[in-house]
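In what follows, chains are A, B, ... by sequence order, proteins preceding strands, each numbered from 1. It should be emphasised that the depicted structure is a prediction, and the values quoted were computed from it without experimental measurement.
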Protein chains: 2
Amino acid sequence: MLNILICDDDRDIVSAVKIYLSAERYNVIGCASGNEALDILKKQEIHLIIMDIMMPGMDGITAVAQLRKTDNIPVIFLTAKSEDTDKILGLNIGGDDYVTKPFNPVELTARVKAQLRRYISLGGAQIAEEVLTIGGIVLNDAAKTVSVDGEAVTLTPTEFDILRLLMKNPGTVFSSSRIYSEVWNDSPLGAENTIAVHIRHIREKLEINPAEPRYLKVVWGQGYKIEGGGCG
Amino acid sequence: MLNILICDDDRDIVSAVKIYLSAERYNVIGCASGNEALDILKKQEIHLIIMDIMMPGMDGITAVAQLRKTDNIPVIFLTAKSEDTDKILGLNIGGDDYVTKPFNPVELTARVKAQLRRYISLGGAQIAEEVLTIGGIVLNDAAKTVSVDGEAVTLTPTEFDILRLLMKNPGTVFSSSRIYSEVWNDSPLGAENTIAVHIRHIREKLEINPAEPRYLKVVWGQGYKIEGGGCG
DNA sequence: CTTCCTTTTTACATTTTATTAATTATATAA
DNA sequence: TTATATAATTAATAAAATGTAAAAAGGAAG
């Protein structure tokens with residue numbers, strides 16, 4: 001999952017950008033000033049920044065000039081200042097692209113992708129291979145593999161998606177209908193039993209004794225969750 | 001000295017860009033069609049391309065889609081087509097930036113610098129690894145050759161591109177539609193079977209027993225991957 | 001224009017997976 | 001305990017994905 005930081009004092013812009021980029025499966029973090037942006041950068045791995053210029057506190061140009069001293073990640077300026085001199089300043093100070101408001105969200109998305117494509121293809125960032133581990137279960141999303149105590153097990157696509165959902169949120173209880181909505185992207189009508197069957201199949205493959213699951217547990221009347229419970 | 005290729009059928013534009021960028025001490029080469037651009041790329045080391053879209057002969061979009069199959073250098077589209085959909089297409093096909101005519105030469109220069117700065121700081125100027133090895137398969141990207149257990153095999157261009165994609169990311173599963181998007185640079189509509197046929201052809205050439213592949217494996221419902229499985 | 005090679009399409013067989021329905025088991029509360 | 005709701009299990013059927021062969025279409029070279 002790639003993390004994108006959007007920095008703008010206009011909350012509507014931040015939430016709009018969040019919506020558009022989340023739809024493309026980016027993880028979007030918002031903030032409202034240059035200072036905040038620099039703080040977040042220190043604490044968290046960010047793969048791309050979308051930065052306004054005029055903001056209360058530290059402005060975007062200063063913030064980018066600052067972060068360029070240590071950091072190399074792609075920066076796209078997104079701002080109402082449409083003067084060419086502003087663009088030139090932004091790009092010369094270390095920005096990678098410059099988009100003016102009002103902006104076309106699809107164009108912004110395309111520009112984000114273009115920057116990330118280059119950054120990642122040139123090895124500027126290793127995308128952490130998405131591996132989820134709970135107890136003896138290891139799920140590798142890129143390779144679509146799952147192993148239990150070192151032994152590979154073969155899951156069907158649906159089983160894999162359900163397991164990934166639960167493993168991404170260990171301990172969290174998901175009702176059958178919520179699992180259905182998230183995995184099928186569809187409205188869950190009478191899907192209870194369908195889920196129950198898939199859960200059984202997953203248990204048959206993961207658990208020593210499917211009738212007394214160590215990992216994939218049921219919470220009565222609520223749904224299913226996965227836990228690294230270890231001993232039964 | 002960095003070499004920049006400007007490709008536009010309008011000679012005035014070419015000479016104007018030459019003047020502006022030469023003043024920044026870039027070495028600027030001009031040409032007037034996509035075909036010419038691809039020819040020059042083969043013969044000469046180019047560090048950045050500025051590309052028009054509408055040109056007689058091969059258009060810019062096609063040319064970039066073509067060169068992206070093998071080449072990684074930054075591309076800035078410079079064109080009169082200012083529709084957002086054109087920008088989005090250009091960026092999605094592998095362009096890095098998009099500037100519309102009439103353009104501010106100082107802004108163009110700033111964008112050229114921004115692209116080169118990133119390209120060079122990330123070391124894109126050196127050619128990436130040229131030889132990929134998995135198990136007994138050796139793929140030489142520069143020579144466009146493949147051998148299995150020391151014996152040369154002849155792949156068609158499409159087969160080669162698919163194999164390279166998989167070998168660049170060993171273990172990672174690629175769905176048919178993703179393979180199609182990445183290799184064809186096109187939207188994958190009903191391409192499932194096309195991919196299946198190419199996969200079969202590759203298997204016929206690489207595998208001892210195509211029906212029980214050692215390397216090019218299918219993950220049911222997910223896609224294909226390549227693995228150095230060794231023993232069957 | 002013809003020939004040869006590559007790519008795509010078509011059609012069908014085969015394999016694997018998803019869903020449904022019917023049945024049995026289990027937890028909870030009166 | 002008993003009724004009731006929820007969950008587990010099983011098997012059968014429908015649906016989907018992949019494998020394969022062969023023909024058609026497309027393109028490049030001579």
Side-chain angles (χ1 to χ4, degrees), chain A residues 144 146 153-163 166 173-226, chain B residues 35 38-39 58 62 66 69 144 146 153-163 166 173-181 183-207 209-225:
Chain A
K144 304 288 177 201
V146 175
V153 298
T154 308
L155 298 188
T156 71
T158 306
E159 290 160 13
F160 186 88
D161 288 345
I162 293 172
L163 182 63
L166 297 177
V173 176
F174 289 82
S175 68
S176 290
S177 60
R178 184 156 169 221
I179 293 174
Y180 196 91
S181 327
E182 303 235 11
V183 171
W184 276 256
N185 281 314
D186 196 4
S187 69
L189 296 173
E192 312 282 310
N193 194 217
T194 302
I195 299 295
V197 173
H198 286 301
I199 292 289
R200 164 155 177 77
H201 290 155
I202 297 171
R203 281 181 176 153
E204 276 177 346
K205 294 174 181 179
L206 294 190
E207 306 278 2
I208 297 165
N209 175 12
E212 224 174 290
R214 290 183 302 164
Y215 299 112
L216 210 174
K217 293 177 179 166
V218 66
V219 179
W220 246 82
Q222 305 286 332
Y224 300 94
K225 67 173 172 181
I226 204 158
Chain B
N35 281 316
L38 294 177
D39 279 350
M58 187 187 287
T62 309
Q66 195 73 25
K69 288 182 183 171
K144 305 287 175 204
V146 176
V153 297
T154 310
L155 298 187
T156 70
T158 307
E159 289 160 12
F160 186 88
D161 288 345
I162 293 172
L163 182 62
L166 296 177
V173 175
F174 289 81
S175 67
S176 290
S177 60
R178 188 161 165 215
I179 292 174
Y180 196 89
S181 331
V183 171
W184 277 255
N185 279 313
D186 197 2
S187 74
L189 294 173
E192 312 281 309
N193 202 210
T194 303
I195 298 295
V197 172
H198 285 299
I199 292 289
R200 167 158 174 75
H201 290 157
I202 297 171
R203 280 181 177 154
E204 278 177 347
K205 295 174 181 179
L206 294 189
E207 306 279 3
N209 175 12
E212 223 175 288
R214 290 184 302 164
Y215 299 112
L216 211 174
K217 293 178 179 165
V218 65
V219 178
W220 252 86
Q222 306 275 17
Y224 299 94
K225 68 174 170 182

Starting from C1' on D:dT18, measure out to CD on B:Glu212 and report it in whole angstrom. 16 Å
Whether B:Thr158 contacts C:dT6 is assessed here as follows: a side-chain N or O lying under 4.0 Å from the phosphate OP1 or OP2. Is that the case? no
So, taking the atom named OG1 in A:Thr156 and the one named NE2 in A:His198, what distance separates them when rounded to the nearest 0.5 Å? 6.5 Å
First encountered from the 5' end of DNA chain C, between A:Tyr180 and A:Trp220: A:Tyr180
Phosphate OP1/OP2 of D:dG19 contacted by B:Tyr224 side-chain N/O (<4.0 Å): yes
Of B:His201 and B:Gly221, whose nearest nucleotide on DNA chain C comes first from the 5' end? B:His201
Integer-rounded Å distance: C:dA18 C1' and A:Ile179 CD1: 16 Å
Using the C1' atoms of the five pairs at each end, what is the angle between the end axes of the helix from C:dC1-D:dG30 to C:dA30-D:dT1, to 10°? 30°
To the nearest 0.5 Å, what is the distance between CD (B:Glu159) and OG1 (B:Thr154)? 10.0 Å
Specify the separation, in whole Å, of atom CG of B:Asp186 and atom C1' of C:dT7. 14 Å
Might you point out which heavy atoms bring B:Met58 and B:Asn35 nearest each other, and give the distance in Å? CE-OD1, 3.2 Å
Take atom NZ of A:Lys144 and atom C1' of C:dT17, then tell me their distance rounded to the nearest Å. 16 Å
Hey, is the side chain of A:Arg200 poking within less than 4.0 Å of OP1 or OP2 on D:dT10, counting only N and O atoms? yes
Between C1' of C:dT17 and CZ of A:Phe160, the distance in whole Å: 16 Å
Can a side chain N or O of A:Thr156 be found less than 4.0 Å away from OP1 or OP2 on C:dT16? no
Does B:Trp184 make a side-chain N or O approach to OP1 or OP2 of C:dT8 shorter than 4.0 Å? yes
A:Glu192 meets the salt bridge (Lys or Arg N to Asp or Glu O under 4.0 Å) criterion, sequence neighbours left out, with none
Measure the distance from NZ on A:Lys217 to C1' on C:dA27 and round it to the nearest whole Å. 17 Å
Rounded to the nearest 0.5 Å, what's the gap from CG on B:Leu216 to NZ on B:Lys225? Could you check? 11.0 Å
For DNA chain C, which residues of residues 191-199 of chain A approach it to below 4.0 angstrom with any heavy atom? A:Asn193, A:Thr194, A:Val197, A:His198
